[in-house]
Structure formats: C-alpha cells, structure tokens
Amino acid sequence: MQDFVNKIVRWYKKNLRPLPWRATNDPYRIWLSEVILQQTRVEQGQPYYEQFTTEHPNIQSLAEESEEKVLRLWQGLGYYSRARNLHKCAKAVVNLHAGHFPNNYKELIKLPGIGPYTAAAIASFAFNEQIACVDGNVYRLLSRYFGIEDDIASGKGQKVFFEKAQSLIPADQPADFNQATMEMGAMICTPKKPRCEQCPVQQGCYAFEHQAQGRLPVKIKKLKIKNRYLNYSVFQFEQRIIMNRRPEKGIWAGLYDFPLHESKLSLDSFEPLLEAYPALNPNDWLLGNISSEYKHILTHQKLFVTFFSFNCKNKAAYEALKQALKAEEYNLEEIEELPKPKIIDQFLSDTFLQPER
DNA sequence: AATACGGGGTG
DNA sequence: CACCCAGTATT
C-alpha cells in the first residue's frame with residue numbers, strides 16, 4: 001500500500017490548489033480555516049476566511065471581540081454554533097493556554113468546536129503530528145479504492161475508516177498525506193462523475209475495477225424533511241423596527257429576527273397574527289404589505305416564510321407592544337450591524353434597498 | 001445511535 | 001429533487 005500513499009502524495013504536490021491557509025503554519029489560521037470549512041465548500045468559505053483574518057490577524061484579537069460581532073462576521077455561512085464555539089475556543093486558548101494552541105491532538109480535541117477531524121487537521125498541519133484526518137473526502141477515496149463497504153455514518157464505519165487512514169499515514173510527511181487524501185477526494189474522487197481518467201491510483205482501485213463508484217461510499221441515512229410555516233411580523237414606527245435576539249439553542253441561535261409566529265399552513269391574512277399578539281391593538285396600527293412567500297431550503301426542513309408589515313400610528317402603542325414582546329427596536333443602520341439569518345437579510349434587502357437604475 | 005444544525009452547489 | 005460539502009454537539 002506504500003504505492004498508493006506515494007502516488008497520491010506525489011499527485012498532491014503537483015496538483016494542489018494554492019489556498020491561502022496552505023501558505024501558513026500558523027495554528028490560528030489553520031484552525032480558522034478548518035472550522036469555516038466544516039460542511040462548507042472551499043469556494044463558499046474562502047471569502048469568510050479572508051474577512052476573519054483581515055479583521056482578526058491573531059487569536060487575541062478574535063478573543064477580545066464580542067460574540068455578536070463574531071456572529072455578524074459569520075452571517076450567511078450557516079451552522080452558527082461554529083461561530084459561537086469559535087469565539088469560545090479563542091477565549092479558552094487565550095485564557096487557559098496563554099494564547100497558544102496546544103500542539104497535539106489529545107489536547108486540541110478538548111477545545112470547543114474542535115472534534116476528531118479538526119483536531120487531526122490542526123495537529124498534523126501545524127505541528128506535524130502523525131494523525132489521520134478523516135472527512136467526507138477521505139471516506140469517499142478510501143471506500144472506493146479499498147472497496148470498504150461499511151456505512152460511513154455508523155460508529156463502526158468511522159472506526160474502520162480512521163484505522164485504515166491511520167495505518168497509511170507516513171511518519172515523515174503526515175501533513176502532505178492528509179492534504180493529499182482530502183484534495184484527491186475534492187478534485188478527483190468526487191461524489192458524482194469522479195475523474196477516474198485523471199486519477200493517479202486508478203490502477204488498483206476497487207471501485208474503478210468493479211464500476212462501483214456510484215455505490216461507494218455506503219451511507220445509510222434517513223432524513224425526514226419537515227415543512228414549516230414561519231410568519232414574521234415587521235412592526236415599524238418611524239423607521240424603527242422591532243427585532244429580538246433568538247434563544248441560545250435551536251436554529252439561528254443568537255441571531256436576530258422579527259417576532260415570529262409559526263402556523264400549520266401558509267397564512268394569507270393578518271387575522272391569526274392579531275390573535276397571536278394580544279398586546280396588538282388594531283386601532284393603533286396600519287396593516288401594510290404581506291410579502292410573497294419565501295421558500296428557504298435547509299438540510300432538514302423546508303421553510304415557507306411570509307413577512308407581514310405593520311405600521312404604528314402612535315409611539316405609546318409601539319412602546320407597549322415592544323415591552324409585551326420583550327423585544328428591542330432598531331433603525332436600519334443598527335439592523336445592518338446585527339447578525340441575522342439569511343432569510344431575514346434577504347427580506348430586508350428586498351424591502352428597504354432601492355434597486356439601482 | 002440518532003438528531004439538530006445553514007446555506008449553497010451539482011447533476 | 002437527491003445528494004453532499006475540509007463536522008460537532010447534544011440527546
């Protein structure tokens with residue numbers, strides 16, 4: 001199997017993409033890139049990496065930032081617990097490790113937001129530890145090449161793949177090996193239409209020989225997608241809008257949105273909202289526009305989102321509602337600075353930005 | 001062992 | 001539409 005290792009490492013050194021986080025040994029930048037790239041494609045994550053490293057060139061800077069600002073920088077990337085853990089981790093490294101990342105897998109994995117993959121990536125890339133990275137790319141490459149049929153989602157499968165990768169990783173160049181397996185999975189051994197004609201290890205590949213590329217890796221998953229109907233109320237008074245910070249748990253934790261009323265089916269009138277908000281006296285409000293329904297597809301739910309605009313006639317009524325909702329009011333300039341879910345940001349752009357002409 | 005957690009690209 | 005992306009934390 002030494003042949004397999006040599007061939008993919010040689011291929012990597014010749015074909016690697018010159019990504020910015022490959023040009024550094026700084027564990028801070030390696031960590032940042034790895035967290036950004038969790039479940040995220042390189043092209044989507046790269047602009048965020050540039051933003052973060054520009055605004056926060058080192059971990060002290062990031063640790064001193066507010067969580068809200070970190071979330072705002074993360075806005076649009078998704079899986080926001082990554083941003084919250086990123087911030088927690090930065091503080092932990094500064095406060096518990098004098099601003100220096102631990103230099104080994106065992107300690108790295110104790111930090112928030114750093115799991116088996118990320119710990120192995122930092123340990124090997126920054127500190128040259130001989131520990132295998134196993135991500136989606138590696139599952140694919142190894143299962144196809146070696147004909148491993150274990151379900152990659154199962155505990156046993158994860159163990160089998162890690163041990164296979166760990167048995168292959170060379171002591172003299174662990175980082176290049178890890179980069180090579182992942183880059184191969186990303187560029188050659190792709191999920192669909194793998195580029196077998198360009199593959200340096202086509203010879204010896206189980207899946208190529210048996211035309212099993214479409215079947216491997218085996219991944220058994222049952223994802224039930226639920227439809228949800230979200231109705232947002234945009235309560236406005238003289239250029240100020242009521243918003244609130246979402247709870248610490250659940251979807252969009254810590255981000256800001258409007259008062260939310262969920263329904264079983266799409267709403268097309270204000271009435272259910274008038275019932276939902278007893279503090280809302282219809283005499284004090286002008287019922288405005290009902291937006292068209294936004295469809296927002298997430299991994300395990302499909303959201304149908306409608307925005308209902310209310311304009312308040314007097315300040316007292318506005319204050320009363322705000323208080324009843326335990327929310328705050330913001331003008332557009334302030335809203336710009338708040339971290340918001342994509343769908344909220346989209347609505348705001350559609351509604352309050354004048355199209356150029 | 002299963003589920004929750006975003007947003008976007010591919011075929 | 002189905003699948004999946006340089007996964008992790010919680011249940």
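Reminder, nothing fancy here: chain letters follow the sequence lines and each chain counts from 1. The analysis underlying the following values was restricted to heavy atoms, covering all of them including side chains, and did not include hydrogens, waters or symmetry mates.
The residue Arg22(A) sits close to a base: some heavy atom pair falls under 4.0 Å.
Look at OH on Tyr139(A): it is 14 Å from P on dA6(C), rounded to the nearest Å. Here dT8(C) presents its C1' atom at 13 Å from CG of Leu111(A), a figure rounded to the nearest Å. Per the geometry, CZ belonging to Arg17(A) stands 12 Å off C1' belonging to dC5(C), to the nearest Å. Atom P of nucleotide dC4(C) and atom CG of Leu216(A) are separated by 12 Å, given to the nearest angstrom. Atom CH2 of Trp21(A) and atom P of dA6(C) are 10 Å apart (whole Å). The distance from atom CG of Leu86(A) to atom C1' of dG7(C) is 14 Å, rounded to the nearest whole Å. When rounded to the nearest whole Å, the span between CE of Met187(A) and C1' of dC5(C) equals 14 Å. In this structure, CD1 of Ile109(A) is placed 15 Å from P of dG7(C), rounded to the nearest angstrom.
Remark: Ala320(A) engages no residue in a side chain to side chain contact (heavy atoms under 4.5 Å, CB included) (not counting sequence neighbours). Legend: residues meeting side chain to side chain contact (heavy atoms under 4.5 Å, CB included) with Ile220(A), ordered by chain and number and at least two apart, are Asp151(A), Val218(A), Lys222(A). Listed by chain and number, the residues in a side chain to side chain contact (heavy atoms under 4.5 Å, CB included) with Leu260(A) are Leu230(A), Tyr232(A), Arg246(A) (sequence neighbours excluded). Residues satisfying the salt bridge (Lys or Arg N to Asp or Glu O under 4.0 Å) criterion with Lys326(A), sequence neighbours excluded, are absent altogether. For Glu149(A), the salt bridge (Lys or Arg N to Asp or Glu O under 4.0 Å) partners at least two apart in sequence or on another chain are Arg215(A). Residues that satisfy the ring-ring contact (aromatic ring centres under 6.0 Å, His included) test with Phe162(A), not counting sequence neighbours, are absent from this structure.
To the nearest whole angstrom, the two C1' atoms, one in dA6(C) and one in dG11(B), are 22 Å apart. Atom C1' of dG8(B) sits at a distance of 23 Å from the matching atom of dA9(C), rounded to the whole Å. As rounded to the nearest Å, dG6(B) and dC3(C) have C1' atoms that lie 16 Å from one another. Between dC5(B) and dC4(C), the two C1' atoms lie 15 Å apart (nearest whole Å). Spacing of P atoms, dG9(B) relative to dT8(C), comes out at 23 Å, to the nearest Å.
Thr118(A) and Gln38(A) are linked by a side-chain donor-acceptor pair at a separation below 3.5 angstrom, with hydrogens and angles left out of the test.
A parallel orientation is assigned to the rings of Phe307(A) and Phe347(A), their planes being inclined by less than 30° (bins at 30° and 60°).
The ring-ring contact (aromatic ring centres under 6.0 Å, His included) analysis of residues 107-139 of chain A, with sequence neighbours excluded, yields the pairs Tyr139(A)-Phe161(A). Within the structure, side chain to side chain donor-acceptor pair (under 3.5 Å) contacts touching residues 90-108 of chain A (residues at least two apart or in different chains) are Glu107(A)-Lys110(A).
For Pro112(A) and Arg140(A), each mapped to the nucleotide of DNA chain C holding its nearest heavy atom, the one lying further toward the 5' end belongs to Arg140(A). Taking the nucleotide of DNA chain C with the nearest heavy atom to each of Ile114(A) and Ser33(A), the more 5' of the two is matched to Ser33(A).
Remark: nothing in residues 87-95 of chain A comes within less than 4.0 Å of DNA chain C through any heavy atom. In the region residues 116-128 of chain A, proximity to DNA chain C at under 4.0 angstrom, judged on heavy atoms, holds for Pro116(A), Tyr117(A), Thr118(A).
The hydrophobic cluster containing Leu280(A), built from Ile/Leu/Val/Met/Phe/Trp/Tyr side-chain heavy atoms closer than 4.5 Å, also comprises Phe235(A), Phe237(A), Ile242(A), Leu267(A), Phe270(A), Leu273(A), Leu274(A), Tyr277(A), Trp285(A), Leu287(A), Ile290(A), Phe308(A), Phe310(A), Tyr318(A), Leu321(A), Leu325(A).
With Gln346(A) as the partner, the side-chain contact (heavy atoms from CB on, under 4.5 Å) test is satisfied by one option alone out of Ile344(A), Asp350(A), Leu348(A): Asp350(A).
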**Request:** Let me have a per-nucleotide readout for nucleotides 5-11 of chain B, 5' to 3', with B, S or -, counting only protein heavy atoms under 4.0 Å.
**Result:** BBBBSBS
